[in-house]
Each structure stands twice: as C-alpha cells, then as structure tokens.
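Reviewing the structure listed below.
The shown structure was predicted, so the numbers you read here are calculated from the model rather than taken from an experiment. Along the sequence shown, the residues carry numbers beginning at 1. Basis for what follows: all heavy atoms, side chains included, without hydrogens, waters or symmetry-related copies.
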Amino acid sequence: MYASFDLGGTSLKHGILDEQGNIIEKGKIPVHDDVWAILDLIADQVKKYQEKYEVSGICLSTPGAVDSQTGIIHGYSALPSIHGSNWMKELEKRCGLPVSIENDANCAALAEVYAGAGKGYSDLIFVVIGSGVGGAIIKNRRIHHGKHLSGGEFGYAVFQQKDGELLTFSDLAATVNMVQKVQKELEDDSLDGQEIFERARKGDETCSRAVNEFYFQIAVGIYNLQYIYDPEKILLGGGVSDQEDFVEKIKEQIDIVLEKVEIADIKPEIAKCSYGPDANLEGAYIHYKLQNNSLLK
C-alpha cells in the first residue's frame with residue numbers, strides 16, 4: 001500500500017493506493033503556508049494509514065519546480081514556504097519510509113499516460129489552461145524535466161509583440177486574462193468565465209469575439225507545440241476544458257491556422273484529459289513506481 005499526497009494552495013489531498021494503483025481511501029485537509037506544519041500533517045496522516053494498512057512508501061505531488069532526484073522544490077508557487085526544503089529527507093526522517101516527489105502537472109500527465117486519455121501513446125504533450133498556461137512533456141512515457149526543471153512551462157513562450165510589449169502564451173490564452181478583458185470591455189467585474197462562455201453561445205457579440213480569440217490563441221499554441229516536438233497526441237486540461245464544445249472549437253481554430261500557414265500539413269491530434277480530480281494522487285503513485293522501476297501497468 002502507498003500513501004499518496006497532492007498539495008495545493010489551500011488543501012492537501014491524500015489517499016491510500018494498492019499495488020495496482022487503485023485508491024482505497026481518500027480525504028482532504030486544509031493547509032496554510034507553513035512548510036513545517038504541512039510536513040507534520042503528512043507525517044500524521046501516514047501514521048493514521050499505518051494503523052490500518054501496511055504502508056510501503058510515500059508519494060508526493062506538489063507545485064513548483066520539483067527536483068525529483070534531490071527532493072527539493074525550486075521555483076515559485078502559491079505556498080512560498082515550501083521552496084528550498086528537502087521534502088524527501090524530512091519525510092523519510094519523520095516516517096521511516098521511502099519518499100518520491102514530483103511536480104503536480106507532471107503527476108497529472110503521468111496519470112493520463114498510464115490510466116487516462118494518453119494510454120497507449122509514448123510521446124505526448126499535456127497542456128493545462130487556467131490562471132496561466134502550463135503542462136508537461138512526455139517522451140517514451142516518461143516526464144521530460146529539462147536542464148532547469150522547466151520542461152512543460154509553455155506559458156513563458158513569447159507569442160506576440162504589441163506596442164513594444166512582449167506577450168506570452170499565458171498572456172494570450174490564460175482563462176483569467178480572457179475574463180478580465182471582457183469584464184473591462186463590458187464594465188462588469190461580476191462576470192465569470194462560465195457566464196462569458198454561456199453568453200457567447202447565445203450570440204453576445206463581445207463575449208463571442210473574446211471566446212473565439214481565446215480559442216484561436218490556444219490553437220496557435222498547439223500548432224507551435226506540434227511542430228516543435230511533434231507529439232503523437234496533445235492532451236488539454238484545466239477547468240475551462242469542461243466546456244462541452246471545448247475540443248471542437250479548438251479544432252475549428254486549428255483548421256484556420258493551417259489554412260493561413262500554407263506549408264503546414266500536420267494537424268495536431270488533440271483530446272481532453274480524462275482521468276479526473278484524483279489524477280495527481282494517481283500520478284504521484286505512478287511516479288513513485290517508475291522511480292523504483294516497479295510499475296506493473
């Protein structure tokens with residue numbers, strides 16, 4: 001049995017998984033930005049699981065630029081205190097069990113590769129669209145971390161120059177930025193993304209224009225990623241992907257991009273992520289098994 005944890009900005013999800021990766025039991029604990037308190041919460045939950053199960057290892061999914069070899073979280077996140085400490089050593093010391101740690105987007109990608117929409121593929125790109133644009137790169141069913149642990153940080157890519165300002169993929173395609181533009185244009189700060197998409201479906205001119213531009217910018221990013229890496233498939237995640245026509249609308253915009261770039265003849269294969277809200281718990285477990293060369297799937 002394996003204790004798996006998914007650390008977010010305000011909560012710590014936890015679960016106990018069997019050797020086949022099935023989640024037997026799960027829960028959630030609120031957290032605040034105190035690394036030592038979070039480590040203690042994890043250790044306490046492991047002890048609770050040990051009262052009922054024979055726990056063989058601890059699997060962690062966290063934000064930030066995670067060095068899976070050293071156990072240190074670099075970069076930035078909504079929990080500044082977690083960066084710099086050696087999580088593997090601290091938890092091994094507290095629990096006396098082997099520990100693995102991986103970035104949360106990478107964990108979600110692993111869940112898709114081994115148990116979701118990416119199953120059966122070897123080379124994929126995983127794009128998450130939300131407050132920014134991020135994701136993961138999969139090569140031969142393994143995470144490509146990159147020299148500086150920045151593999152999959154697609155949102156940093158510069159896509160446009162406007163009035164002397166460089167605009168990144170996140171500037172152009174993050175859901176929150178689209179919402180803010182519409183709020184400003186309509187002078188209504190109460191509008192949220194769901195209402196904007198609903199208004200666009202009903203024909204509202206401002207919302208339709210913003211949503212179409214949003215989909216177009218995602219399509220441009222997908223086109224670029226296809227030609228940079230040439231994956232078998234590109235998987236899309238994030239809350240906005242729950243829109244029922246999300247993939248179809250992006251496919252329409254990809255067709256427009258391909259029409260405009262006459263030399264392009266490769267149409268990206270895209271699909272929504274399918275694993276669901278427990279993807280990070282499952283992906284953390286998969287990462288643990290890959291680290292130990294013992295994955296059964």
Side-chain angles (χ1 to χ4, degrees), residues 65 75 103-114 116-162 165-178 210-238 240-241 243 245-275 279 283:
N103 166 267
D104 47 10
N106 290 344
C107 285
L110 286 173
E112 293 295 336
V113 171
Y114 285 87
K119 194 169 184 179
Y121 295 86
S122 295
D123 297 346
L124 303 99
I125 280 180
F126 175 71
V127 180
V128 182
I129 301 156
S131 57
V133 177
I137 299 170
I138 302 291
K139 182 66 177 174
N140 293 327
R141 306 184 81 205
R142 301 289 189 272
I143 296 292
H144 173 73
H145 294 92
K147 171 68 175 177
H148 303 98
L149 304 175
S150 294
E153 295 290 354
F154 309 124
Y156 286 89
V158 174
F159 275 23
Q160 284 185 19
Q161 180 176 325
K162 184 178 180 180
E165 181 184 3
L166 297 178
L167 300 178
T168 66
F169 194 7
S170 286
D171 293 328
L172 297 167
T175 313
V176 67
N177 292 334
M178 183 270 288
V211 168
N212 285 336
E213 176 65 17
F214 170 71
Y215 283 137
F216 178 75
Q217 296 298 343
I218 295 173
V220 169
I222 289 171
Y223 166 87
N224 286 335
L225 292 172
Q226 182 67 49
Y227 272 89
I228 289 168
Y229 183 55
D230 197 20
E232 298 168 83
K233 196 173 187 180
I234 296 176
L235 301 179
L236 306 175
V240 69
S241 67
Q243 297 296 318
D245 56 355
F246 181 71
V247 170
E248 289 70 25
K249 291 295 186 182
I250 293 175
K251 285 181 177 179
E252 290 174 7
Q253 295 297 327
I254 289 174
D255 287 339
I256 292 172
V257 173
L258 293 174
E259 288 174 8
K260 292 177 180 293
V261 185
E262 295 181 0
I263 61 171
D265 60 358
I266 300 172
K267 184 172 182 177
E269 181 180 347
I270 65 173
K272 284 200 293 187
C273 294
S274 64
Y275 197 85

State whether the side chain of [X] and the backbone N or O of [Y] hold a donor-acceptor pair below 3.5 Å, judged by distance alone.
X    : Y    : result
Y229 : I138 : yes
S170 : V133 : yes
Q217 : A173 : no
Q161 : L167 : no
Y114 : R141 : yes

Going from [atom1] on [X] to [atom2] on [Y], what distance comes out if it is rounded to the nearest 0.5 angstrom?
X    : Y    : atom1 : atom2 : value
L235 : Y121 : CG    : OH    : 8.5 Å
E153 : I137 : CD    : CD1   : 10.0 Å
D171 : E165 : CG    : CD    : 6.5 Å
I270 : S241 : CD1   : OG    : 11.0 Å
L172 : Q160 : CG    : CD    : 4.5 Å
I234 : L225 : CD1   : CG    : 5.5 Å

In this structure, which one of K233, R142, K139 forms a salt bridge (charged side-chain N to carboxylate O under 4.0 Å, His left out) with D123?
-> K139
Flag if over 12 foreign heavy atoms under 6.0 Å of OH, Y156 = no
Start with the C-alpha distance between N106 and L110, add both sets of side-chain angles, then the distance that settles side-chain contact (heavy atoms from CB on, under 4.5 Å), and finish with yes or no.
-> CA-CA 6 Å; N106 290 344; L110 286 173; 5.5 Å; no
Is there any side-chain hydrogen bond (donor to acceptor under 3.5 Å, both in side chains) pair reaching into residues 252-266, and which pairs are they, with sequence neighbours excluded?
->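 Checked against side-chain hydrogen bond (donor to acceptor under 3.5 Å, both in side chains) - neighbours excluded - the pairs reaching residues 252-266 are D255-K267.
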Show your working on side-chain contact (heavy atoms from CB on, under 4.5 Å) between F246 and I129 and close with a plain yes or no.
-> CA-CA 12 Å; F246 181 71; I129 301 156; 4.0 Å; yes
Is the shortest side-chain heavy-atom distance between [X] and [Y] below 4.5 Å?
X    : Y    : answer
I222 : L236 : yes
I254 : L258 : yes
F214 : V240 : yes
F154 : V128 : no
N103 : H145 : no

For side-chain contact (heavy atoms from CB on, under 4.5 Å), just list the numbers for V257 and F216, CA-CA rounded to whole Å, side-chain angles, deciding distance to a tenth of an Å, and then say yes or no.
-> CA-CA 8 Å; V257 173; F216 178 75; 3.7 Å; yes
Between [X] and [Y], what is the shortest heavy-atom contact and its length?
X    : Y    : result
A174 : S131 : CB-O, 3.6 Å
S274 : A117 : OG-N, 3.0 Å
A136 : A105 : CB-O, 4.2 Å
C273 : E112 : CB-OE2, 3.2 Å

Will you find, in the side chains of Y215 and Q243, an N or O donor that is under 3.5 Å from an N or O acceptor?
-> no
Not counting sequence neighbours, which residues clear salt bridge (charged side-chain N to carboxylate O under 4.0 Å, His left out) with K272? List them please.
->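 If we apply the salt bridge (charged side-chain N to carboxylate O under 4.0 Å, His left out) test to K272, skipping adjacent residues, there are no hits.
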